[in-house]
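Here the structure comes first, spelled out in structure tokens, and everything after it is commentary.
Basis for what follows: all heavy atoms, side chains included, without hydrogens, waters or symmetry-related copies.
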Amino acid sequence: MSPFDTFAKTTSQLLSLPFDLARANYAAAVRLGLIKNSLLNSARFEQRLGAAERLTLGPWARKV
């Protein structure tokens, strides 16, 4: 792996941290009962957050 590839991967991971924290907070809120446990709501949240991540980070966004 070249130094540029390493830099790009590290940068991508750092920039995606707020989105990972949002996912973790959503999961914690569901576990605590603050948000209704629903597969449909969870999928909608993930779609919206994924879209926001791709829009915000552009080429730095993770590709699944």
Please tabulate, for the side chains in residues 34-45, all donor-acceptor contacts under 3.5 angstrom to protein atoms that are two or more places apart in sequence or on a different chain.
{"from": "Ser38", "atom 1": "OG", "to": "Leu40", "atom 2": "N", "distance (Å)": "3.4"}
{"from": "Ser38", "atom 1": "OG", "to": "Asn41", "atom 2": "N", "distance (Å)": "3.2"}

Applied to residues 3-14, the salt bridge (charged side-chain N to carboxylate O under 4.0 Å, His left out) test, sequence neighbours excluded, yields none
Under 3.5 Å: donor-acceptor pair, side chain of Ser12, backbone of Ala8:
no
For Leu57, which residues count as a side-chain contact (heavy atoms from CB on, under 4.5 Å) partner, sequence neighbours excluded?
Leu15, Ser16, Phe19, Glu53, Trp60, Ala61
Residues that Gln13 engages under side-chain hydrogen bond (donor to acceptor under 3.5 Å, both in side chains), provided they are two or more places apart:
none
Using a 4.5 Å cut-off between side-chain heavy atoms of Ile, Leu, Val, Met, Phe, Trp and Tyr, which other residues end up in the same hydrophobic cluster as Leu17?
Leu21
